[in-house]
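Worksheet for the structure shown next.
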Amino acid sequence: MRLLLLACLRAQTGNATTAARIQNHLHAAGHICVLKDAFMYESPTEIANLTSTDKFDAALAIHLYKGGRLLQGSRIPFGIIFGGTDVNEDIKCEEKHRVMGAVLGEARFAVAFTMKMKELAAAEWPDARQKIYVQTQGIKTTPSETFDWYRFLQNADIPTDTGSLHMFLLICGLRRVKDPLYLVDVFSAWHRKDPSVHLGIIGPAVDPLFTSEVKEKVKRAPGVHLLQDMPQDDLHAAMKRCFAVVNSSISEGMSAAILEAMDLDIPVLARNIPGNAAIIKHKETGLLFSNPQEFVALSKSLMNDPIMEREIVTRAKDYMKKHHSWESERKAYQTLVLRLQ
């Protein structure tokens, strides 16, 4: 089949990573799968023209609103993959809610990353319950062999001579929903007392206005660094050298960065929100914090208790093997796509 896959393709965002994985799964089954950036199109008419000119047999869209709205009234069959903010946030807006309901009604199937996400969608659109499948994200990490950790630290103005460095990494696209500034003040205050702790914020400048806000704030916060965005395999290598990976989002579908950290044997400290709590069991596979002060307290306990750290990392890795296998994700999409024939 010749398939169109619509997604928000900004580099390093969760939806772009998911899109690349799904494309890879479908190519492996012998389909042709063409990725297109949903932001490049205004209306369903443009996509209808594209699908007839380029002779697509079927389509997939990630994000019920951003991608899905472009397939409304589509002449070719399509499936939807929920993005996260569609079911968590966009649902609150009446107009988006209406469009998403219509799109879901037309879709042959929809995929939710978690049972919780399926339940949220099914509560809004009960008629669609039967067509929503739960398929967690499959994760495969590829740390670069040639990554230069010392140059990375030097570029960030982080002292490289310290054997006691505790580097925390917050990986997110710079936009408000990711709330990268949530921990900046308490972290900086902690760094003043303990210069071995550093927080690196890394990710693409998704919202330019907000990014300049982040830059301003970080400039005045010792121990907090805004790092240069980097390719996936370098990022994985950097994660491996960090003490912990942090997530402070207000809302998440399913954070690929958290799952990648678990796969790389790195402890995760995440804000206690439904999307994060769906994949992290507190003090078992990671640590969940409800406010910035609790983040510092939990980080200190992790630093002072290497046995707890090891146990968390081991259990998180087991969880990944069981629930986020790349192979079972591959099989699921290769089977689902047959419903579009």
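Using a cutoff of 4.0 Å between basic side-chain nitrogens and carboxylate oxygens, E216 and R220 are scored as salt-bridged. Ionic pairing of K217 and D185 is present here: one or more N-O contacts between side-chain nitrogen and carboxylate oxygen are shorter than 4.0 angstrom. E311 has no carboxylate O lying under 4.0 Å from a charged side-chain N of K283, or vice versa, which leaves the two without a salt bridge. Taking a cutoff of 4.0 Å between a charged side-chain nitrogen and a carboxylate oxygen, K116 and E119 do not qualify as a salt bridge. Here K178 pairs with E252 in a salt bridge; the nearest charged N to carboxylate O distance falls below 4.0 Å. No salt bridge links R330 with E327; every basic N to acidic carboxylate O contact stays at or beyond 4.0 Å.
The environment of K240 atom NZ is sparse: at most 12 non-hydrogen atoms of other residues, nucleotides or ligands sit within 6.0 angstrom. Around the CG atom of L338, the shell of radius 6.0 Å holds more than 12 heavy atoms that belong to other residues, nucleotides or ligands.
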Are E106 and S74 close enough, and set up right, to give a side-chain hydrogen bond (donor to acceptor under 3.5 Å, both in side chains), and what steps lead you there? CA-CA 8 Å; E106 291 177 39; S74 166; over 6 Å; no

Walk me through whether R271 and D179 qualify under salt bridge (charged side-chain N to carboxylate O under 4.0 Å, His left out). CA-CA 10 Å; R271 193 162 170 176; D179 209 2; 2.7 Å; yes

Decide yes or no on salt bridge (charged side-chain N to carboxylate O under 4.0 Å, His left out) for E260 and K140, but give the supporting numbers first. CA-CA 7 Å; E260 286 163 357; K140 201 186 213 175; over 6 Å; no

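F210 does not carry R175 over the face of its six-membered ring by the limits of under 6.0 Å from the centre and within 45° of the normal. Cation-pi geometry between K96 and Y65 is met: the NZ or CZ atom falls under 6.0 Å from the ring centre, inside 45° of the normal.
Among all heavy-atom pairs drawn from K55 and R2, the shortest one is O-CD, 3.2 Å. The heavy-atom pair separating L269 from F168 by the smallest distance is CD1-CE2, 3.8 Å.
Less than 6.0 angstrom separates the ring centroid of H97 from the ring centroid of W125. Aromatic rings from H324 and Y319 are positioned such that their centres are separated by under 6.0 Å. Here the two rings, on F113 and F82, have centers that are 6.0 Å apart or farther.
The side-chain heavy atoms of L183 and F289, taken from C-beta on, include a pair separated by under 4.5 Å. For the pair D57/H31, no side-chain contact is recorded, criterion being any heavy-atom separation below 4.5 Å from C-beta on. Two residues are said to be in side-chain contact when any heavy atoms from C-beta on lie closer than 4.5 Å; H25 and E329 meet this criterion.
Checked options M303, K300, M167; the residue passing with V197 is M303 (criterion: side-chain contact (heavy atoms from CB on, under 4.5 Å)).
The backbone N or O of S164 sits less than 3.5 Å from a side-chain atom of H166, completing a donor-acceptor pair.
Using cut-offs of 30° and 60° on the angle between ring planes, the pair W190 and F187 is perpendicular.
Among residues two or more places apart in sequence or in another chain, the ring-ring contact (aromatic ring centres under 6.0 Å, His included) test is passed with Y182 by none.
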